[in-house]
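These notes concern the structure reproduced below.
Just so it is clear, the values below take in all heavy atoms, side chains as well, and ignore hydrogens, waters and symmetry mates.
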Amino acid sequence: MSTELETASGMGSRELVHFVTQQTRFALVTNILQHPEQLPSMYELEQLNPSVSEATVYKHVQKLIDAGIVKEVALEDDQRQQGYPWKFYGLTADGREFLEAHNLLAAEDTLQRMYETISDKPEKMVKYEHAPRP
């Protein structure tokens with residue numbers, strides 16, 4: 001039985017699970033899940049993955065968007081504030097449903113608690129965590 005996500009991505013269920021669980025992409029999905037608003041900015045994703053280049057983070061986020069797992073959401077022009085991000089990344093409804101169906105969300109609460117214990121966040125990252133979000 002094919003889901004809309006599998007049809008849109010052009011991959012079968014098994015291929016899509018393998019795609020999502022590739023190390024860097026799964027780390028990014030995990031970062032989204034553990035973020036307090038589940039809508040981190042690109043900067044926050046880059047900071048949470050210091051061993052991965054900014055270009056690689058961007059490339060994998062874009063692949064997750066193309067697959068329908070992640071969406072980019074942006075603040076309206078009148079809601080944007082100078083010095084704060086205005087683009088954020090979160091799971092799509094289909095992406096969340098797919099991850100749930102394949103038991104890839106089981107640790108969501110634990111991930112959020114772990115995120116709260118990170119004590120060495122750069123000041124800019126703490127500032128961005130409190131940025132207005134859509």
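- When all heavy atoms of Pro134 and Leu39 are compared, the closest pair comes out as O-CD1, 4.1 Å.
- Judged by distance alone, with hydrogens and angles left aside, the side-chain atoms of Glu15 form a donor-acceptor pair with the main-chain N or O of Gly12 at under 3.5 Å.
- The two residues Leu91 and Lys71 make their nearest non-hydrogen contact at O-CE, 3.4 Å.
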(Q) If you apply the rule side chain to side chain contact (heavy atoms under 4.5 Å, CB included), what do you find for Glu129 with Glu44, and how did you get there? (A) CA-CA 8 Å; Glu129 283 178 5; Glu44 290 167 291; 3.3 Å; yes
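- Under the 4.5 Å side-chain heavy-atom criterion for grouping Ile, Leu, Val, Met, Phe, Trp and Tyr, Phe88 is not connected to Val57 through any hydrophobic cluster.
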(Q) Test side chain to side chain donor-acceptor pair (under 3.5 Å) on His102 and Arg14; report intermediate values, then the result. (A) CA-CA 10 Å; His102 291 87; Arg14 183 178 301 201; over 6 Å; no
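- Geometrically, Lys121 engages Tyr115 in a cation-pi contact, judged by NZ or CZ lying under 6.0 Å from the ring centre and within 45° of the ring axis.
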Q: Applying side chain to side chain donor-acceptor pair (under 3.5 Å), run through Arg133 and Gln79 and close with a yes or a no.
A: CA-CA 9 Å; Arg133 285 176 166 70; Gln79 295 177 316; over 6 Å; no
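- Side-chain contact between Pro85 and Met42 is absent, with no heavy-atom pair separated by less than 4.5 Å.
- Glu72 and Ile65 get closest at one heavy-atom pair: CB-CD1, 4.2 Å.
- Taken from CD in Gln23 to CG in Leu28, the straight-line distance is 10.5 Å, to the nearest 0.5 Å.
- Side-chain atoms of Gln81 and Pro132, non-hydrogen and from C-beta on, do get closer than 4.5 Å to each other.
- Leu64 and Leu104 end up in the same hydrophobic cluster when Ile, Leu, Val, Met, Phe, Trp and Tyr side chains are linked at under 4.5 Å.
- By the 30° and 60° cut-offs, the orientation of the rings of Tyr43 relative to Tyr128 is perpendicular.
- Linking ILVMFWY residues whenever their side-chain heavy atoms come closer than 4.5 Å, directly or via other members, leaves Ile32 and Val73 in distinct clusters.
- A continuous path of Ile, Leu, Val, Met, Phe, Trp and Tyr side chains, each step under 4.5 Å between heavy atoms, connects Met11 with Val29, placing both in one hydrophobic cluster.
- Residues Phe26 and Leu48 do not share a hydrophobic cluster, defined by chaining ILVMFWY side chains whose heavy atoms lie under 4.5 Å apart.
- For the pair Gln38 (side chain) and His35 (backbone), a donor-acceptor distance under 3.5 Å is absent.
- With Thr92 contributing its side chain and Val70 its backbone, the two residues share no donor-acceptor pair below 3.5 Å.
- In plain terms, the two heavy atoms of Val61 and Leu45 that are nearest each other are CG2-CD1, 3.9 Å.
- The cationic atom of Lys127 (NZ for Lys, CZ for Arg) lies less than 6.0 Å from the six-membered ring centre of Tyr84 and within 45° of the ring axis.
- One distance of note links CZ of Arg25 with NZ of Lys59; it measures 8.5 Å at 0.5 Å rounding.
- Closest approach of Glu108 and Leu33 over heavy atoms only: OE2-CD2, 3.8 Å.
- When all heavy atoms are compared, the tightest approach of Asn49 to Ala27 is OD1-CB, 3.7 Å.
- Once rounded to the nearest 0.5 Å, the distance linking OG1 of Thr30 with CE of Met114 reads 9.0 Å.
- Other residues, nucleotides and ligands place more than 12 heavy atoms under 6.0 Å from the CD atom of Gln22.
- Side-chain N or O atoms of Glu76 include none that pairs as donor or acceptor with a backbone N or O of Asp78 at under 3.5 Å.
- For the residue pair Asn31/Gln34, the side-chain donor-acceptor check at 3.5 Å is satisfied.
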Q: Using the side chain to side chain contact (heavy atoms under 4.5 Å, CB included) rule, take Phe98 and Ser13 through it: C-alpha gap first, then chi angles, then the decisive distance, then the call.
A: CA-CA 9 Å; Phe98 180 82; Ser13 182; 4.1 Å; yes
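- Rounding to the nearest 0.5 Å places CG of Leu105 at 5.0 Å from CG of Leu99.
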